[in-house]
Structure formats: structure tokens, C-alpha cells
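The block underneath contains the structure these notes are about, expressed in C-alpha cells.
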Amino acid sequence: MNRKYRYPVDTDQFERIRQSGKLYVDKTDMVFDLVKNYDYVFLSRPRRFGKSLLCNTFRAYFNGEKELFDGLKIATLEKEWKKYPVLQFAMSGLKHLDLDEAREKLGLFISDYERLYGCDSSKASPGARFRNVIHAAHEKTGEKVAIIIDEYDSPILALLHQPEERDAMRRMMREFFQVLKDEGAHIRFVFMTGITKFSQMSIFSELNNLKNISMMPEYSGLCGITKTELETTLRPNVADLAERMGCTTEEAYDKIKEYYDGYHFCKNSEDIYAPYSLLNALNDGEVREFWFESGTSSSLMENLKHYPLTKIMSYDGVNVMLKDFAVPCEEATTPMPLLFQSGYLSIDSYNRMTDTYTLRFPNKEVRNGLIDNIMPLIMHSTAEDKNSMILNMTIKIYDGDLSGALLHLRSYIAGIPYDIITKGQWNDKEKREDFYKLLFYMVFSILNSRVRCENKCILGRADVVIETAKDVFVLELKVDDTVENALAQIDDKSYAVQWSADGRRVTKCGVRIDSERRNITQWRLVDENGTIMEDRIFEE
């Protein structure tokens, strides 16, 4: 196929991208600014967000490869191109290794530089060998060393809930990172990236001069594609995508926004789009879910198992303070920091009066992908069962047949293993309600409708609101209570009022769940005027 544009969907190598003429969104003015203003820099961003490309850009800069930057912003800013010795480590290579394997692999990384700079490799610990290489590089070249460490947290993240293994790995990595502080006289610049934030005392010891730029507004667009870049630099690319999709350019923008937008990394952040998925969509000529296709973070899924999974969806729209989600992951008592730092939650808004943040799942791609991955953990059901149920419910919902959709859902619930919630949890009414709210949220989210769980209004929060082009369904769930009380709550709290004038049909639905039978035993549908449309009761 003769493509109009070439996209770097298969490489994160800056040199290859520039030499092959593939699309490169210019971030080099920020690269220049960081090098001139800081000596030690840390940036946290989600996976597949361009961190490795950024690291390789720094490497090319410190290697003095001026020709690769021709036509970029930094070409007009840098007046003196110098070549520095560069030590670069991709710590993702240590992921899922035990301590001995990780030490050996890290030693292999170091040995490449020992051969390059002709230094002794007999010293036992990685930290001692790292120190020796820094000295040798400085002495041999006469220039201080630039050090780039990508995904520093990879060896430890997989061990977050394995205290003994985690602490042993952390001690080895701390001894390695300690060198960065001790050998400052030989170091020109340090750039480190990661997905998550660990406390400086636990990982970096006394490296208190490491500048964390992760939530600084001026660097919010350092990784990812900003809204401004998408609407200006990439507008011809979006127009090409629209032509291949058979829609208008503005329709293509709307679709891209729905799937890939929604990232804000601080209270004054630029609006950021996920770069991996966006570039793949432009390359393939279709908007769909790419992020999870590239490999789910197995470490995240393993770590989520250590928290109440039924609470995870309640973070969509939660109002919290900064200390609740921007803390080191090993100090967290909820999965919120891990979800935020991994890109599964993002800042939706900031309230200056209360100094609080609203977090949400950033876009459709992330929400659906997260649901797809945690649903089997919660429901213990097969993908085939889920997909069949979703297909049948989708048809009913878009036909405006909520009752038909609930019938399919009821059948699905009947197949969930009885021991999915322990006896102790099932005796807790709040936990039972949380379980069913989560189930409803996940199911209706995957249906491709716009769904809100515990939707906020002026007097309270509706359990589930399902929106399609023609209908709005407002559902209130009651465990061991009556549908009358459920519907009364919808009316008393005015849950449905906000949609009364938007032209769509509004249906209120009270749903009763019986804890003994562990399924839906009744629902009642009522229109805007209070007329009962259907009252379905299951006796057995």
C-alpha cells in the first residue's frame, strides 16, 4: 500500500525515526530546557507513552549527533554541540527476574561499558562496577557522564506485594542508584523514567536532588501527543485518517478523542492523547483499542488482586486530595496510586477552593481494557460467556429494550461460581451492593454505551445510568430491599431530572437482588410520568 505518511509504530529509536523520515512530534525544546536547568531529572508516565523514545532522544543529544536534530526546535537553541560519554540502562530487561537473575543481567549491561572504556570488571557488586565505569568514562573522554535509566521500577514493581523478594531487590537497586549521588562530580546529567513512584528513601537513599517533573505543568506534554499538536501539526494526518475511515475530519477527531484523549498529569496539565494508540490508529486507518493489544501490564493485574476489586470502578469520578493518589506505591493502602501512575486513572479536574482532584478513567480504550482484564478475576467466567452475553445485551439496549438486556444479565449472573465472594463478605450488605454495582458497571460499559456508576447529581448518586443515542436508563439497585424503595429513591433524589429535557426517552428502573438467591429477583420499569411500563418478578 502506498501510504501518504509513515509512522514509528515499530520502533522507539530516535536515530531510526529521523533517518527514515517517519513522523516525529518535536519535543526537543523541552529536552533542551531540562538539560540547561537541571542535573538530575525523574519523569513518571504510563507504559507505551513514549518514555523510551524520549530516553533515546537524550542519548542522541548527549552523543552530539547534531545532524539528527536538523529542522527541530533544539537546532535553533543549542549553540554548542558537545559529545559526552553516555551510559544508558533499560531496566525493563530485569522485569520478572529473581534477585540472582536480575543481578546477573544488570552485570551484563555494565560489562558492555566496561569493555568500551577498558575498566576492570572484577568488582563484585553492580554498584561498585557502575562506579568504576563512570570514573573510567570521565577519565578516558575528558567529559562528565550523561546517565539515562529507563523504567527504573521494572524489577521492583512485579514484587510489590512480595515483601521479602521486594526488599532484597530494592537493596540491590538502591546500592546501584546510590552511585548517582556519590559520583556527582563525574556526572553531567541524569534522566530517569518509570511508571510508578517509589519513595526516595527506599530506592534512591540520599538522592535528594532528583527533580521529579512528573506533575510540573511546563513538562506535561513531554511525552504523549498534546491537543494542540493534534489540531495543528497532525491535522493533515487526521484528515488522511478520516478519508480512510470514510468520515469527515471532525468526526475523526471526535472518535480519536473518545478513545485516546483524557490524560492530564497535573492540575494545569495540557490535554494529552495516548501516543502509542493514536499513532497506530493513524497508521492502520481505523480507531480501535491498541493499548491492551500491546500487552497488559501483568504486574498491575497481579498487584490489583491484593485490593478489593469491587471498589476499583468507584474510582471513576472520585474526589480526592493529592496525597491520596500521588504517593509512593509501597506506602499506598488502596490501588488508587498504582492506577493513576499506571495511566488507568487520570486527573479530570481540580478544585482550587477545596484543593481536591477529580480522577476518572481517561478514555474508552482504557476503561474497556481495564474491565476486560479484571472481569475474569472477579466473575471467574470465560471470555466466551462474557462476549455472548455482551452481544445479546448490546442488541437489546440499542433497541431500547432494557428488560431484555436484564434477562441476559440475569442468566449470566446465574452462571457465576457461588464462591466468588467469601461467606464473610457476602454477609456484609455494603460489599454485596458493591459487587453488583461493579458487575452492572462493567457489563454496561462494555456495551459501548455511555455509562456512569454512582452518577452524581445535586441530591445524591444514582447507582447506574445508561445512555444511548435514544434512551437514558436510570437504575437503582437494592439488595434485600424492594423495587418500590429503589424507585422512590430515584424520585426523592431527582436522579433522572437532569435528562428530562434533552429529547431522549428516560426510563427509571428499580432492581432487587436477593442475597440468598444471589441474583436479580425483580425489576420494575417506570416512565418519566410515573407509569409502570413493566414489573418483572422471578419466583424461582
Side-chain angles (χ1 to χ4, degrees), residues 6-93 109 113 143-152 154 187-195 210-214 216 218-226 228-230 233-234 263 265 270 272-276 278-279:
R6 302 184 67 206
Y7 299 100
V9 295
D10 57 350
T11 182
D12 56 17
Q13 298 301 309
F14 177 74
E15 180 180 10
R16 186 180 302 171
I17 292 170
R18 294 294 291 160
Q19 289 178 342
S20 64
K22 293 184 178 182
L23 177 71
Y24 177 76
V25 179
D26 192 357
K27 311 283 187 178
T28 57
D29 54 334
M30 286 183 276
V31 168
F32 180 82
D33 185 78
L34 285 170
V35 171
K36 298 305 177 185
N37 288 294
Y38 301 104
D39 295 324
Y40 291 73
V41 175
F42 171 71
L43 175 69
S44 172
R45 285 294 183 267
R47 58 183 289 273
R48 292 294 191 176
F49 234 84
K51 299 188 299 298
S52 296
L53 173 58
L54 181 60
C55 286
N56 293 328
T57 306
F58 273 109
R59 181 184 65 195
Y61 170 78
F62 281 108
N63 275 332
E65 299 178 76
K66 179 181 178 180
E67 67 283 357
L68 294 179
F69 295 88
D70 287 346
L72 300 180
K73 296 173 185 177
I74 200 171
T76 63
L77 298 171
E78 182 58 80
K79 306 304 180 184
E80 181 184 359
W81 289 86
K82 291 180 63 175
K83 181 178 176 61
Y84 296 88
V86 179
L87 306 181
Q88 185 172 6
F89 299 89
M91 294 302 185
S92 58
F109 292 164
Y113 296 113
E143 298 291 347
K144 293 184 178 181
V145 181
I147 299 172
I148 302 166
I149 299 175
D150 194 14
E151 296 193 24
Y152 86 97
S154 285
I187 294 173
R188 167 64 183 88
F189 184 76
V190 172
F191 183 69
M192 299 181 64
T193 78
I195 293 175
L210 185 66
K211 183 62 178 178
N212 186 351
I213 64 168
S214 305
M216 293 177 64
E218 58 266 43
Y219 302 114
S220 59
L222 183 57
C223 286
I225 307 296
T226 68
T228 300
E229 291 165 342
L230 185 65
T233 305
L234 297 182
Y263 291 96
F265 297 109
E270 289 195 66
I272 311 294
Y273 287 69
Y276 176 81
L278 175 58
L279 292 176

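We number each residue from 1, following the sequence as shown. This one's a predicted model, so the numbers in the text were calculated from it and none came from an experiment.
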Q | 4.5 Å side-chain heavy-atom contact, I149 and M91 | A | yes
Q.
side-chain contact (heavy atoms from CB on, under 4.5 Å) for T57 and K27? Distances and angles first, verdict last.
A. CA-CA 9 Å; T57 306; K27 311 283 187 178; over 6 Å; no
Q.
Quick check: closest heavy atoms across R48 and P275, and the distance to 0.1 Å?
A. O-CG, 3.9 Å
Q: With the side chain counted from C-beta on, respond yes when D26 and T233 share a heavy-atom pair under 4.5 Å apart, and no when they do not.
A: no
Q) So how far is it from I148 CD1 to C55 SG, rounded to the nearest 0.5 Å? A) 6.0 Å
Q. How would you list, by chain and number, every residue that makes a side-chain hydrogen bond (donor to acceptor under 3.5 Å, both in side chains) with S92, sequence neighbours excluded?
A. none
(Q) Are F189 and Y84, when compared by the centres of their aromatic rings, separated by less than 6.0 Å? (A) no
Q. Between atom CG of L72 and atom OG1 of T28, what is the distance when rounded to the nearest 0.5 Å?
A. 4.5 Å
(Q) With rounding to the nearest 0.5 angstrom, report the CD to CE distance, E218 to M30. (A) 10.0 Å
(Q) Can you tell me how far apart CZ (F191) and CZ (F58) are? Round to the nearest 0.5 Å. (A) 4.5 Å
Q: State, with a plain yes or no, whether a side-chain heavy atom of D33 is found less than 4.5 Å away from one of Y219.
A: yes
Q) Would you say the side-chain atoms of T226 pair up with the backbone N or O of I272, donor to acceptor, closer than 3.5 Å? A) no
Give the table of side-chain donor-acceptor pairs shorter than 3.5 Å for residues 60-71, with sequence neighbours excluded, one pair per line with atom names and distance.
{"residue": "Y61", "atom": "OH", "partner": "E78", "partner atom": "OE1", "Å": "2.4"}
{"residue": "N63", "atom": "ND2", "partner": "R59", "partner atom": "O", "Å": "3.3"}

Q: Report the C-alpha distance between K22 and D10 in whole Å, list the side-chain angles of each, state the deciding distance to 0.1 Å, and finish with yes or no for salt bridge (Lys or Arg N to Asp or Glu O under 4.0 Å).
A: CA-CA 11 Å; K22 293 184 178 182; D10 57 350; 2.9 Å; yes
Q.
I'd like to check S214 versus F42 (side-chain heavy atoms, cut-off strictly below 4.5 Å). Are they in contact?
A. yes
Q.
Under the rule for ring-ring contact (aromatic ring centres under 6.0 Å, His included), what residues qualify as partners of Y38, not counting sequence neighbours?
A. none
Q. Any side-chain heavy-atom pair from T76 and F32 closer than 4.5 angstrom?
A. no
**Q.** Candidates D12, T193, L43 - the one meeting side chain to side chain contact (heavy atoms under 4.5 Å, CB included) with L54
**A.** L43
Q. Taking the side chain as C-beta and beyond, is there a heavy-atom pair between F49 and S44 under 4.5 Å?
A. no
Q.
Can you give me the closest heavy-atom contact between S52 and D150, atom names plus distance?
A. OG-OD2, 2.5 Å
Q | Side chain proximity check, I147 to I187, heavy atoms < 4.5 angstrom | A | yes
**Q.** Gap between atom OH of Y24 and atom CD1 of I17 - 0.5 Å precision
**A.** 8.0 Å
Q: Take Q88 and N56 through the test side-chain contact (heavy atoms from CB on, under 4.5 Å) and record every step on the way to the result.
A: CA-CA 9 Å; Q88 185 172 6; N56 293 328; 3.0 Å; yes
Q. Which atom names give the shortest non-hydrogen contact between S20 and R6, and what distance separates them?
A. O-NH1, 2.5 Å
Q. Counting only N and O atoms by type, is there a donor-acceptor contact under 3.5 Å from the side chain of K51 to the main-chain atoms of R45?
A. yes
Q) Ignoring hydrogens and geometry, is there a side-chain-to-backbone donor-acceptor pair from S220 to E270 under 3.5 Å? A) yes
(Q) Any heavy-atom pair between the side chains of R188 and D39 that's under 4.5 Å? (A) yes
Q: Mind checking the CD1-CG spacing from I213 to N37? Nearest 0.5 Å is all I need.
A: 11.0 Å
